[in-house]
Every structure is written in structure tokens, then in C-alpha cells.
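No hydrogens, no waters, no symmetry mates; every other heavy atom, side chains included, goes into these values. All residue numbers in this chain count up from 1 along the given sequence. Note that ligands are numbered from 1 as they come in the structure, with each ligand's atoms numbered from 1 the same way.
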Amino acid sequence: MSMRDDKDLSLAVEALLADPAYARNPLRQALDELYTEFRNVLHQIDRVTRISDRYQSVTRERTQSLTERYQKQLRQLEKMARISDRYQSMMRDLNEALKEAATRDALTGIGNRRMLMDRLKAETARAQRMGRPLALALLDVDRFKTVNDAWGHEIGDRALVEIARAVSDAVRDYDICGRWGGEEFMIIMPEIGAREAVPVVERVREAVAALKVATPGEPLSLSASFGVTEWRPEENISDTICRADAAMFAAKHAGRNRLEVAA
Ligand SMILES: Nc1nc2c(ncn2[C@@H]2O[C@H](COP(=O)(O)OP(=O)(O)OP(=O)(O)O)[C@@H](O)[C@H]2O)c(=O)[nH]1
């Protein structure tokens, strides 16, 4: 029954009940009771409808606010994930830079003593595993104190930079060179023994001797003494280094600008 029918029926029933002509009609009492019951039912339906509407609107609001909160948290999480990604990539770059700084010599730009030690460990392990030889050379610049004394520390530094470049350029692609400390450099030569290392080191010696470092006066010539040896299977790397050092001192005593081999 539509709202309109409902209203018309109510009006009709009320008119019938109010009409004195039907006051004694035996059906009037039953109609009155039925009508009262009908009004009560209508009233209850109305209440239930209003409660249901209110419940629906509360539920809608709650769902909406939950969705909003969820979206907000999602946005915050996305932002945090972006920040974390950026932070991680910064940490990676920083790590790389630190690693680079920790293994590079600040003055000459070639590897430092730490890099040399790392590579020595790796190369001896590899030589041991593959049963291959490994040669090592130590280079000490001759009378370097006189360079500093005559031209000052700055020109001394420039000379070291040029020596580092000359050594790097003269060795083979797969050789490893670095600054061992002060005016000392090391060359690690995988896959060859001391005897085969001689021409390589001789080339390095000639390259250093050919350098002409600019000074306010005459260009400065330099030379270096070399000790060459090879790693013996099973031996500790510090023993190999000691042997190369002793050979280098022998080269100094023999007149400098030369190499000595300790097989
Ligand atoms: N300019 C400069 N000089 C350095 C550096 N590191 C070490 N030296 C200098 O290198 C010189 C090494 O001198 P010595 O060990 O006495 O030996 P040398 O004069 O080279 O003589 P021999 O080794 O006997 O041929 C010292 O004067 C150090 O101050 C550096 O980074 N820059």
C-alpha cells in the first residue's frame, strides 16, 4: 500500500468511526480496535525505520572514517618507505665513499697499504689454490730526503704523485701497485715468479728514472731502488715482504737506481 492509499484509508476509517450514523453498528467496535492496532503497527514500523536509518548512517560514517584513516596511514607508510629508500641509497653511497677513502692513498690517488694487504691476502690465497706463482717488488725512492730539503715538501709531494703515476703506467694491466708508505711503493705481480718479474720491474725503474719533475729551477730527476722476490707456497706473506725489503736494501747498498732479486 502506497503512502497516498495509506492516508486515504486512514481518513476514510476515521470518518466512519466519527460518523454518529454508525455509532451502533456492531462492526464499529471491531473497526475501532483494528484501526488502533493499525496505528500502533504503523508507529512501530516508523520507529524501526528511523533506528535503521540512524544505524546505517553511523555505520557509513564509521566506514568512511576508517577508510580515511587507512588511506592516511597508507600515505604515511609510503612516505616512510620513500625516506627509507633514500636513506639506504645514501648509506650505500657513503659506504662506497668510506671504503674508497679507506683503501686509497690521499696524496697519490693509488691504493694504500690497506688495499695492498687486502690484495696480497686474496692473491696468495688464489696462487695457493691454483698452484700459480706470485711475484712481489718493493720500491724505495732514492735520497728522497734531499728532494724535500732542496725543494721543500710541496715539490716532494708532487714528485711522489708523479712516481705513483709512472709506476702505475709501467706495470702490466693485471699487476697491482700501491703506496706502501712514505716514499715506498709495492708492486704485486700475479701469475709470474721473481725471474719473470725482473723485466717488468726493470721497466718501472726506467720509467721512474726518466721522470722530470718541475721545480722553480732545473727539472728534478729521480731514481728508485727495488727488491724483487716471489711468494713461497705455504709461507706467511710477511716473510715474503721481509725478503723483498732486504733485497731492496741490498739494491741501495749496491749503489741505488737498480733492482736486486731474492729468489
Ligand atoms: N714530501 C714528502 N716527503 C715524504 C713523504 N713521506 C716520506 N717523506 C720523506 O721521505 C724521506 C725519506 O728519507 P730517508 O728514509 O732518510 O731516505 P732517503 O733520503 O730516501 O734515502 P735512501 O732511502 O737511503 O736512498 C724523509 O725525508 C721523509 O720526510 C711525503 O708524503 N711527502
key: Hphob cluster co-occupancy, I188 + V171, side-chain heavy atoms under 4.5 angstrom   = no
Looking only at protein heavy atoms, identify the closest one to [atom] and say how far it is in Å.
atom: atom 10 (O) of ligand 1; answer: F144 CD2, 3.2 Å
atom: atom 24 (O) of ligand 1; answer: R256 NH2, 2.9 Å
atom: atom 22 (P) of ligand 1; answer: K252 NZ, 3.4 Å
atom: atom 32 (N) of ligand 1; answer: D157 OD1, 2.7 Å
atom: atom 13 (O) of ligand 1; answer: K145 CB, 3.8 Å

message = E191: which residues meet the side-chain hydrogen bond (donor to acceptor under 3.5 Å, both in side chains) condition with it, sequence neighbours left out?
response = R126, R132
query = If hydrogens are left out, which of R179, E183, H153 has an atom nearest to atom 31 (O) of ligand 1, that is, the closest non-hydrogen atom?
reply = R179
Proximity winner for atom 9 (C) of ligand 1, if only heavy atoms of L160, D105, N148 are counted = N148
Atoms of ligand 1 less than 4.0 Å from [X] heavy atoms?
X: G156; answer: 1 (N)
X: G182; answer: 6 (N), 7 (C)
X: R143; answer: 18 (P), 19 (O), 20 (O), 21 (O), 22 (P), 25 (O)

Non-hydrogen side-chain atoms of [X] and [Y] separated by less than 4.5 Å:
X: W231; Y: L136; answer: no
X: R172; Y: V200; answer: yes
X: L120; Y: I241; answer: yes

request  = Calculate, to the nearest 0.5 Å, the distance between atoms OG1 and CZ belonging to T36 and R39 respectively.
outcome  = 9.5 Å
task = Of the side chain and backbone of D140, name the one, both, or neither that has a heavy atom under 4.0 Å from an atom of ligand 1.
result = side chain
message = L107 versus ligand 1: do any nitrogen or oxygen atoms come within less than 3.5 Å of each other?
response = no
Kindly list each side-chain donor-acceptor pair under 3.5 angstrom involving residues 148-163, sequence neighbours excluded, with atom names and distances?
from, atom 1, to, atom 2, distance (Å)
D149, OD2, K145, NZ, 3.1
R158, NH1, A214, O, 3.0

task = For the residue pair S225 and D140, confirm or rule out a side-chain donor-acceptor distance under 3.5 Å.
result = no
